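Shown next, in structure tokens, is the structure this report addresses.
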There are 2 protein chains.
Amino acid sequence: MQRRSDQSAATLVADPPEAEVSPRRPPAGRVKSAEIRDILEQEIATGERHAGERLDEQAVAARFGVSRTPVREAINQLASAGLVALIPNRGAFVRETGLGELVEMFEVMAELEAMAGRLAARRVDPKRRVQLAEALAACQSAAERNESDAYYYENERFHEAIYDACGNGFLAAEARRLHQRLKAFRRLQLRVPHRMRQSLAEHRRIVAAIEAGDGETAEAELKSHILVQGERFADLVASLKPKQG
Amino acid sequence: MQRRSDQSAATLVADPPEAEVSPRRPPAGRVKSAEIRDILEQEIATGERHAGERLDEQAVAARFGVSRTPVREAINQLASAGLVALIPNRGAFVRETGLGELVEMFEVMAELEAMAGRLAARRVDPKRRVQLAEALAACQSAAERNESDAYYYENERFHEAIYDACGNGFLAAEARRLHQRLKAFRRLQLRVPHRMRQSLAEHRRIVAAIEAGDGETAEAELKSHILVQGERFADLVASLKPKQG
DNA sequence: TGCCCGAATATCGTATACAATTTCCTTGAC
DNA sequence: GTCAAGGAAATTGTATACGATATTCGGGCA
């Protein structure tokens, strides 16, 4: 009965529902709760949903043309991710990721990355070492062409390579999670002028330390590398909204 | 049927609009999903549910005499915690939290705790300092009475005090999350004999370093403190199930 | 006028029913 | 005898309904 084909009221369809020739592929976009979660997550990250706003289950359900059930699941997942706060009989509220908390997140990110670098210097195997060198080369190539978008992408790959090389799968997963969460905010600092060249130099020192098996140096370099990003970001945000709130 | 008023259902951070500390108790009634989640969590931790086993929603629902809805919520929370893997239209499968991954988790936990200690040594304010001292005193009291259960509880409080004292709310939340996840496994090592006295001595050194503002020492002591726990735990597990099938 | 108590309202948690997809078994053809 | 195709059974995902509980507003009483 609920052959709900009126998707006009909702931006629910991210990819064509015609999954005709891909029966083996994992159904990425078919589960509505995941779809709703992703959309809400993006809206929160971009600030479209301002802090403190209440996410009304019924309203969200009506907006996407679904029932409360998938909305509930989506909101619960957002709560687990720390993006919204659940107050028992009051509803779900968008948590304000203020500048202070962002700095805190960068601080933790720096520690995790530094740990990954320290472990990588001790445990890296030849295959991962090659991948790391390749990722560094790709960064350098992008920097020489002065393409900040490409550098942004290769930078992601570089840090992924470090995660992979650390030999601690759990740490890698946690680092990826945090990286993903900070990603939305990091986009803003894409076009800081001399940052790219400086970042590349830091990458070189990091790789050199890992290659040399010098865990202490790799740790220190990586921590500084991330903390600098956090500070730059804080400056940027502070300059963008000087009298926020 | 001991009613555990464990409020660790979700991230109930009091952050939204005018969310002051709510003196009203959480849904201390019976939230069935939380209860089911706790039981399943413990079963998975103890190995009662072996790795790869499928968690049948109807079976669990029938077992607890509830409908599938709270079971689904519980399973989703377990998935968020990383204890089970969700395959879209196939079901939930118990992830094998092998000894290797547990060691990895303790490694990360050690790093986060050490970071918290380092920051606490620099940033702790008088009020938190008093709380830390009180937590240490409570630990000592429990140790003198040789009550391991009480010590276990006070130990939790002690580490909570360190999280609070670090001045980084995000780090504190992440540390609590990991601590919570490891808690299920840590239950097993309650009664390791001389561990309590040794742990207390380590606590004393940690507090002394924080009081002295010596971040480096606090960091090193805490890291060692957690890593020792991880090693003890690994020994225990290894001795418990040598050929876990 | 202020406080307490109770009903109305809203929201959450759970139960039940239905739809969609996957898996497995049966059956038929080569 | 083996393999493939189709359908039935099973299981997940979603919809709708209902009960329980907390919040709020209004009225009565001190």
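By convention in this document, chain letters (A, B, ...) are assigned in the order of the sequence lines, proteins followed by strands, and residues within each chain are numbered from 1. Note that the coordinates shown come from a computational prediction; the quantities given were computed from them, not determined experimentally.
- Residue B:Lys32 contributes atom NZ, which lies 14 Å from atom P of D:dG19 at whole-angstrom precision.
- Looking at A:Asn155, its side chain never comes within 3.5 Å of a backbone N or O of A:Tyr151 through a donor-acceptor pair.
- Nearest to the side chain of B:Arg72, among D:dT14, C:dT11, C:dT16, sits D:dT14.
- Residues satisfying the salt bridge (charged side-chain N to carboxylate O under 4.0 Å, His left out) test with B:Arg157, not counting sequence neighbours, are none.
- B:Phe64 has its CZ atom 13 Å from the P atom of C:dA15, to the nearest Å.
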Under 3.5 Å, side-chain donor or acceptor atoms of residues 132-141 of chain B against the rest of the protein: list the pairs with distances, not counting sequence neighbours.
{"from": "B:Gln140", "atom 1": "NE2", "to": "B:Glu144", "atom 2": "OE2", "distance (Å)": "3.3"}
{"from": "B:Ser141", "atom 1": "OG", "to": "B:Arg145", "atom 2": "NE", "distance (Å)": "3.4"}
{"from": "B:Ser141", "atom 1": "OG", "to": "B:Arg145", "atom 2": "NH2", "distance (Å)": "3.4"}

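- Within 4.0 Å of A:Gln58, counting heavy atoms only, lie sugar-phosphate atoms of the nucleic acid but no base atom.
- The CD1 atom of B:Ile87 sits 13 Å away from the C1' atom of D:dT11 (whole-angstrom rounding).
- Between A:Arg63 and A:Glu43 there is a salt bridge, since at least one side-chain N of the basic residue sits less than 4.0 Å from a carboxylate O of the acidic one.
- With distances taken from any side-chain atom of A:Asp56 to the nucleotides C:dT14, C:dT11, D:dA15, the minimum falls on C:dT11.
- Counting only heavy atoms from C-beta outward, the side chains of A:Arg37 and A:Leu78 approach each other to under 4.5 Å.
- We find that CG of A:Leu86 is positioned 16 Å from C1' of D:dA22, with the value rounded to whole Å.
- The pair A:Glu35-A:Lys32 does not meet the salt-bridge criterion, since no charged nitrogen lies less than 4.0 angstrom from a carboxylate oxygen.
- Atom pair A:Ile75:CD1 and D:dT14:P shows a separation of 14 Å (rounding to whole Å applied).
- A donor atom on one side chain and an acceptor atom on the other are found under 3.5 Å apart for A:Asn168 and B:Glu107.
- Candidate nucleotides D:dG13, D:dA15, C:dG13 were compared by shortest atom distance to the side chain of A:Arg68, and C:dG13 ranks first.
- OP1 or OP2 of C:dT11 has at least one side-chain nitrogen or oxygen of A:Arg54 nearer than 4.0 Å.
- Among the nucleotides C:dC12, C:dT22, D:dG13, the one closest to any side-chain atom of B:Glu57 is D:dG13.
- Over its full length, the helix from C:dT1-D:dA30 to C:dC30-D:dG1 turns its helical axis through 0°, comparing axes from the five pairs at each end and rounding to 10°.
- Checking the phosphate oxygens (OP1, OP2) of D:dT14, no side-chain nitrogen or oxygen of A:Thr69 falls inside 4.0 Å.
- Atom C1' of nucleotide C:dT22 and atom CZ of B:Phe93 are separated by 12 Å, given to the nearest angstrom.
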